[in-house]
There are 2 protein chains.
Amino acid sequence: MTDARRSGCPINLSLEVLGDKWSLLIIRDMMFGNRRHFRELLTKSEEGISSNILADRLKTLLDEGIITREDDPTHKQKGIYSLTEQGIELLPVLAQMAAWGYKYLPVSEELGIRARLLSEGGPKMWAEFMDELRESHLGVKRRRRTGPSVGERLQAAYERVVARGKATAVK
Amino acid sequence: MTDARRSGCPINLSLEVLGDKWSLLIIRDMMFGNRRHFRELLTKSEEGISSNILADRLKTLLDEGIITREDDPTHKQKGIYSLTEQGIELLPVLAQMAAWGYKYLPVSEELGIRARLLSEGGPKMWAEFMDELRESHLGVKRRRRTGPSVGERLQAAYERVVARGKATAVK
DNA sequence: TTGACCGATTGCGAATTGCAACTGGTTGTA
DNA sequence: TACAACCAGTTGCAATTCGCAATCGGTCAA
């Protein structure tokens, strides 16, 4: 737990907080996978994070003010992790990173569909999704919207690809 | 040098390539600091990267197709590193990361000015800057522009802040 | 009361990092 | 021709971090 801070450059400072292979994946799962408990993050992680690393990163993200933790009223041991506004505003970073990865790296079809939709939707869609996150993580009420939310649309698209993949595989 | 690839998620794949504390700083210096030689990257780095890490990361970035290396005709030992199109398209990632860091982390005034201008300029300015990078790194000709380039404007703004800081310090 | 589940913590070998010194070669200058 | 400065890395080594598996003390439903 050293002081780090190699320079006052915004990119460097961001990397000192998020520059590892797990932190942004945790944020991703909280945003897109709606994971809010330790176990959910641990077992439903696509990449298989180990529990000590997860505990460590959650602590750091708490310290940095990117997430908060509160007790789950339904279970004395469970904690509910939520994104702060600061955490929610990492969405554009994730979106750009996803778009770049989608374009240049060997992305699987199922896991790439969200990146494609998010990229096509652009900053306007990101802003809408961030508003949805403000509602589910910060409790900020938002005016009624018609039609499915961005979160729902991304999830539906993902499930459609998975179903199609299964059908093809069976055939 | 294992195969990694923990999952086919675009964010994960991006992090497997760039998820450390140095890779994106090297890209940053190539983009904004116009560093093209090993020594420049080594000694003019704000954060003080060590030579073995720099050599290792340059190798990885080469392997990943994010940069290229060619011999410098003026010096038999010197290599010139250039960004590829894939590397240039990391600019939006850096820009978003810089904007987030600028907003939430203790950024120094000198090093934050670029982030502010880039954030205010938005995607349009990013696109223009990427075009400039295509010219200086890929040799792609671009039509004449009036006035100073984005790169020049960022540099001038930075120097203005540094000069002001010095004047204040002296006074 | 029992067994599944909960959020972590611990121990430990392996991999990565950071520092400093060094290598083998090139270049400009006298 | 001699020499110092410069060039792109490489090497050795100690310290840190990572990743896995096992475990811990507590909670919950049956």
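- Side-chain proximity of B/Phe38 to the nucleotides D/dT10, D/dA8, D/dC7 is greatest for D/dA8.
- A sub-4.0 Å separation between OP1 or OP2 of D/dT10 and a side-chain N or O of B/Lys59 is present.
- Between the side chain of B/Ser50 and the base of C/dT17, no donor-acceptor pair under 3.5 Å is found.
- Mapping B/Thr74 and B/Arg39 onto DNA chain C by nearest heavy atom places B/Arg39 at the nucleotide closer to the 5' end.
- For B/Ile53 and D/dA8, the CD1 to P distance is 18 Å, given to the nearest whole Å.
- Rounding to whole angstrom units, CG of residue B/Asp56 and C1' of D/dT11 are separated by 14 Å.
- When the C1' atom of D/dA8 is taken as reference, atom CD1 of B/Ile49 falls 14 Å away, rounded to whole Å.
- Residues B/Leu41 and B/Met30 are in side-chain contact: their nearest non-hydrogen atoms beyond the backbone lie under 4.5 Å apart.
- For the pair B/Arg36 CZ and D/dC7 P, the interatomic distance rounds to 16 Å; values are reported in whole Å.
- Side chains of A/Ser23 and A/Asp20: a donor on one and an acceptor on the other come within 3.5 Å.
- Between the NZ atom of A/Lys76 and the C1' atom of C/dA8 there is a distance of 19 Å, given to the nearest Å.
- Rounded to whole angstrom, the span from the CD1 atom of A/Ile26 across to the C1' atom of C/dG7 amounts to 14 Å.
- In this structure the side chain of A/Glu16 reaches within 4.5 angstrom of the side chain of A/Asn12, judged on heavy atoms.
- Distance from the side chain of B/Gln77 is smallest for C/dT26 among the nucleotides D/dC28, C/dT26, D/dT10.
- With D/dG9, C/dT27, C/dC6 as the choices, the nucleotide that has an atom nearest any side-chain atom of A/Lys78 turns out to be C/dC6.
- Sequence order on DNA chain D of the closest nucleotides to A/Asp20 and B/Glu40 puts B/Glu40 first from the 5' end.
- Between A/Asn52 and A/Gly79, it is A/Gly79 whose nearest contact on DNA chain C lies nearer the 5' terminus.
- Note that CE of A/Met97 and CG of B/Leu94 are 8.5 Å apart. Values are rounded to the nearest 0.5 Å.
- In this structure, the CD1 atom of B/Ile80 is 13 Å from the P atom of D/dG9, given to the nearest Å.
- You'll find the side chain of A/Glu128 reaches within 4.5 Å of the side chain of A/Arg142, heavy atoms only.
- If you take CZ of B/Arg57 and C1' of C/dG18, they are 11 Å apart, rounded to a whole angstrom.
- Dashed line: the shortest gap from a side-chain N or O of B/Trp22 to OP1 or OP2 of C/dT17 is not under 4.0 Å.
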